[in-house]
Amino acid sequence: MAGALVAGSLDIDRYLAEHESKSTLRFITCGSVDDGKSTLIGRLLYESQLLLDDQLAALEADSKRVGTQGEELDFALLVDGLQAEREQGITIDVAYRYFTTDRRQFIVADTPGHEQYTRNMVTGASTADLAVILVDARKGVLVQTRRHSYVVALMGISQVVLAVNKLDLVDYDESAFRAIEDEYRSFAAALGIKRVTCIPVSALRGDNLLGPSPNTPWYDGPDLMRCLEDAPVGSDAAAGPLRFPVQWVNRPSSDFRGFSGAVAGGVVRPGDRVVVLPVGTASTVERIVSADGDLPEAAPGQSVTLTLSDEIDVSRGDVICATDQPASVSDQVEAHIVWMHEQPMLPGRRYLLKLGTRTVNATLARPKYRLNVNTLEHAAATTLALNEIGVCNLSLDREVAFDPYGANRDLGGFILIDRLTNETVGAGMVNFGLRRAQNLHWQDVEVDAAAHTALKGHRPAVIWLTGLSGAGKSTIANVLERKLHADGVHTFLLDGDNVRHGLNRDLGFTDADRVENIRRVGEVCRLMAQAGLVVIAAFISPFRAERRMVRDLLDRGTFCEVFVDAPLEVAASRDPKGLYAKARQGQLQHFTGVDSPYEPPSDPELHVDTTVTTPDAAADQVIRHLRETGVLPGGSG
Amino acid sequence: MGTRTYGVNLTHLDRLEGEAIHILREAVAESENPVMLYSIGKDSSVMLHLAKKAFFPGPLPFPLLHVDTTWKFREMYAFREEVAAQPGVELLVHQNPDAAEAGINPFTHGSSVHTTVWKTEGLKQALDKHGFDLAFGGARRDEEKSRAKERVFSIRSEQHRWDPKRQRPELWRLYNARTQTGESVRVFPLSNSTELDVWLYIHRERIPVVPLYFAKERPVVERDGTLIMVDDERMPLHDGEVPRVRRVRFRTLGCYPLTGAIESTADSLLAVIEEMLLSTTSERQGRVIDFDEAGSMEKKKQEGYF
């Protein structure tokens with residue numbers, strides 16, 4: 001394969017050595033469509049002579065066809081990727097661009113304007129070392145400039161380049177530039193952004209992008225490219241204590257057990273004393289294994305495999321930490337949340353939370369406040385909608401190891417995933433752990449669930465009747481309870497209407513309140529099941545996620561979901577409480593089936609069609625199921 | 001192994017390697033039945049090399065899958081057999097039986113039909129047949145504009161379609177690989193590498209690649225300004241068309257009738273890297289399928305092309 005090196009103008013060996021020693025800067029560009037952001041990046045690529053002939057030809061053709069610059073090249077077209085975006089004239093997502101200069105490799109996250117903005121910007125900023133924020137010299141620091149800067153600071157970026165663009169349109173006036181610079185510097189300082197560089201530029205004309213512009217003799221700072229080449233890049237993580245989230249246990253044979261992962265903080269060396277969190281087992285790093293042989297050390301950014309000197313239990317999701325500075329451990333945290341989905345965040349609903357390599361169930365409390373990203377004011381909130389940012393407490397179903405986001409991005413940043421659609425619906429940055437969780441212990445009880453069951457002669461169960469109002473839930477529930485009681489079964493009937501008169505009388509019928517309603521009922525069901533009862537619960541419970549939450553609260557085999565099914569028109573014509581009539585006249589808001597959705601069960605234990613099944617027959621069906629599954633004695637199995 | 005540094009002075013290539021290995025491990029940890037799509041090209045070679053490193057000293061925890069169109073260069077098939085013979089490598093080959101029966105080929109049916117039936121449909125068949133829920137691909141974001149917005153972990157519907165408007169936000173190093181029944185994930189460990197990075201990494205790690213990347217005298221014909229190599233007797237020659245031996249090499253590899261050669265004297269790895277640095281055309285220019293129509297790659301991806 002190796003042939004002779006072709007003699008050329010280039011010293012290839014020296015080039016390879018130089019390239020090898022180059023560092024990488026990841027940065028994000030922020031600005032609205034009109035600020036000329038795409039033009040700026042396109043121009044950087046063009047001016048760095050990084051465009052190839054065929055790309056230039058395509059640019060010329062595109063500029064003529066859809067360009068906005070008349071006969072001139074439209075540099076923005078280099079950056080606007082997807083066809084749909086080009087047709088709409090805006091970019092709608094995050095795109096990554098790559099270029100290299102003699103001194104550095106660059107990865108640019110380009111995030112667009114308009115309604116999806118916060119979500120996209122947060123995504124692009126999460127991996128960036130620096131942000132380039134554009135303002136229009138004619139307009140100065142706008143509300144959106146403040147919003148961009150706030151998000152940049154929130155995401156932990158400490159270096160900002162303010163590119164004051166379109167300076168050609170204010171005749172390269174120094175005082176216009178200085179006024180913007182002064183205003184921005186004081187604002188950025190208040191946000192805690194450590195390093196700010198302001199540069200007067202014209203993306204369209206190429207001023208101060210690469211090399212000083214003759215049009216701004218009064219400006220003696222760096223041009224944009226030099227600024228990007230000189231910016232310090234992340235050694236912060238390496239300076240911190242060791243953090244190594246375990247991704248994968250590598251166990252090819254009985255004589256090797258290694259823990260694979262990427263170093264997320266500190267530098268690891270053989271002999272380091274470590275503690276495995278959240279369990280807290282101590283050990284010592286034995287080897288740093290790699291395919292190129294054992295390594296003397298490994299730093300953030302490197303993916304390696306560690307072996308420990310003790311045979312201890314370590315699995316995916318655990319974090320190997322420096323013993324003298326371990327990460328925090330808790331099942332309750334306070335965090336900034338950025339909501340990223342059209343479906344708003346619902347307090348009380350369970351989401352999956354992924355932090356490092358661990359995924360747990362998490363419930364968000366009602367937000368402490370929502371942030372107005374334009375004014376930075378705190379506002380009261382019951383939920384967070386798409387692109388909104390707030391501060392919430394989160395409660396996790398098991399302990400996790402973490403750091404505050406400001407100390408370590410990898411150990412403090414998390415995503416939230418919808419349990420049904422699997423979409424990523426939110427992102428969060430941990431502020432701190434809450435001590436409450438550590439001080440609140442379960443009280444051990446001597447008479448346990450098994451003891452209750454033995455005394456009662458049957459197992460506990462929760463019969464969950466779900467369906468539209470008027471479908472027949474309460475009727476079936478009553479017949480069922482009468483029959484079970486007659487058979488000597490210890491029952492209790494929880495009815496939606498009754499519960500709302502007492503336990504849940506503070507709740508209304510918004511989506512958020514419906515979630516909380518079911519959460520409380522679920523907890524009550526759990527307590528009653530622990531007491532050994534067969535609980536009959538009749539609730540519209542319109543959302544799959546909450547019915548799933550109740551199911552997950554209970555021991556396996558305890559939850560029996562019964563879909564009491566009647567078509568909307570049938571239920572509405574029965575209308576036992578006259579509610580459909582009111583809802584359709586607009587006197588009643590948030591009525592399930594009318595102006596609030598009902599999500600039918602996808603896989604219920606029982607499905608009862610009340611247009612063909614009598615309440616009596618339905619109750620018998622449930623009892624048969626309870627016998628077959630061994631809740632009641634006398635089943636066939 | 002070339003120059004290598006440890007500790008805090010990680011180079012650009014070290015970072016790319018660390019990132020790719022992290023992605024490979026994360027994908028395997030979060031899927032049930034992963035597979036690596038193996039196209040025999042240089043990106044596949046790099047991806048395979050990284051996978052071996054990621055799971056060292058253990059074996060590869062997934063098989064390789066080559067979706068074969070029967071129209072690859074002969075040297076590619078020879079190289080594929082060498083890879084398949086390596087210890088610890090399990091290579092599956094799938095050829096779309098419908099395409100074989102219909103005799104689909106790039107000459108009679110055109111590049112678009114040929115690619116759709118052999119590659120896109122063939123890929124879907126193979127993934128469905130084996131029930132793979134996650135597939136690694138060697139695509140890079142610098143290849144083409146529509147790739148610049150592709151996520152590292154990208155969800156495909158049951159019909160293997162890609163919806164650019166329903167992409168999951170991807171923050172930090174947190175990847176969401178969760179799927180509903182029938183959906184699958186495409187994972188691109190080389191997302192942040194450029195063509196130059198790939199060559200520099202091949203150089204640093206001494207990774208074997210198909211010799212077609214290096215200049216040699218090969219029989220070619222010129223069609224619509226593109227040099228096509230006459231690799232076997234299946235290639236129909238136009239009236240009066242005579243293959244001429246020219247010194248050429250390939251920047252990308254695919255089906256030989258659809259892959260343009262460039263004239264070059266770069267017969268070694270260093271020469272190729274040097275030529276790249278002085279080059280003024282981008283890599284995908286050699287791929288005939290991209291020229292069909294504007295945004296053609298994006299359309300193909302929505303239909304299920306990798």
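Note: hydrogens, waters and symmetry copies are ignored here, and every other heavy atom, side chains too, is used.
Salt bridge status for B:Glu263 with B:Arg249: absent, with no side-chain N to carboxylate O gap under 4.0 Å. Using a 4.0 Å cut-off between charged side-chain N and carboxylate O, B:Glu183 and B:Arg161 make no salt bridge. Between A:Arg97 and B:Asp142 there is no salt bridge, since no side-chain N of the basic residue sits under 4.0 Å from a carboxylate O of the acidic one.
With a 4.5 Å cut-off on non-hydrogen atoms, A:Ser253 does not touch chain B at all. Within the 4.5 angstrom heavy-atom criterion, only side-chain atoms of B:Leu200, from C-beta onward, approach chain A. Neither the backbone nor the side chain of A:Val249 comes within less than 4.5 Å of any heavy atom in chain B. Within the 4.5 angstrom heavy-atom criterion, only side-chain atoms of B:Asp197, from C-beta onward, approach chain A. With a 4.5 Å cut-off on non-hydrogen atoms, A:Arg419 does not touch chain B at all. Heavy-atom distances place no part of A:Ala128 under 4.5 Å from chain B, backbone and side chain included. For B:Pro211, no part sits under 4.5 Å from any heavy atom of chain A, backbone or side chain. Only the side chain of A:Phe256 comes within contact range of chain B, with heavy atoms under 4.5 Å apart. In this structure, chain B has heavy atoms under 4.5 Å from both the backbone and the side chain of A:Thr123. For a residue to count as touching a neighbouring chain, one of its non-hydrogen atoms must lie under 4.5 Å from one of that chain's; by this rule B:Leu196 touches chain A with the side chain only. Contact annotation for A:Val268: neither backbone nor side-chain heavy atoms come within less than 4.5 Å of a heavy atom of chain B.
Note on B:Tyr213, B:Trp172, B:Tyr175: by heavy-atom pairs under 4.5 Å with chain A, the leading option is B:Trp172. Highest contact tally toward chain B, considering only A:Gly413, A:Ala125, A:Ala427, is held by A:Gly413 [criterion: heavy-atom pairs under 4.5 Å]. For the options A:Leu355, A:Thr421, A:Val122, heavy-atom pairs under 4.5 Å to chain B are most numerous at A:Thr421. Listed options B:Arg178, B:Arg25, B:His22 were ranked by heavy-atom pairs under 4.5 angstrom with chain A; first place goes to B:Arg25. No other option in B:Ser193, B:Ala177, B:Gly58 has as many heavy-atom pairs under 4.5 Å with chain A as B:Gly58. Interface remark: of the candidates B:His203, B:Lys52, B:Glu30, B:Glu30 forms the most heavy-atom pairs closer than 4.5 Å to chain A. With chain B as partner, the option from A:Val425, A:Leu420, A:Val289, A:Asp410 having the largest number of non-hydrogen pairs under 4.5 angstrom is A:Asp410. When A:Ser23, A:Gly124, A:Ala291, A:Pro252 are compared by the number of non-hydrogen pairs under 4.5 Å with chain B, A:Ala291 comes out ahead.
Legend: residues meeting side chain to side chain donor-acceptor pair (under 3.5 Å) with A:Ser602, ordered by chain and number and at least two apart, are absent. The side chain to side chain donor-acceptor pair (under 3.5 Å) search around B:Glu170 returns none, not counting sequence neighbours.
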With side chain to side chain contact (heavy atoms under 4.5 Å, CB included) as the test, would you mind laying out the steps for B:Arg140 and A:Tyr98 before giving the verdict?
-> CA-CA 11 Å; B:Arg140 310 185 315 269; A:Tyr98 305 83; over 6 Å; no

Criterion side chain to side chain contact (heavy atoms under 4.5 Å, CB included) on B:Phe214 and B:Leu269, from CA distance to verdict = CA-CA 7 Å; B:Phe214 306 113; B:Leu269 192 49; 4.2 Å; yes

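Aromatic pair A:Tyr351/A:Trp339: ring centres closer than 6.0 Å.
Annotation for B:Glu32: atom CD does not count as buried by contact number, only 12 or fewer foreign heavy atoms lying within 6.0 Å.
Side-chain contact of B:Arg168 with B:Asn176: a donor-acceptor pair under 3.5 Å is present, judged by distance alone.
Note that CZ of B:Phe136 is 5.0 Å distant from CZ of B:Phe62, once rounded to the nearest 0.5 Å. In this structure, CD1 on B:Ile155 lies 10.0 Å from CD on B:Gln167, to the nearest 0.5 angstrom.
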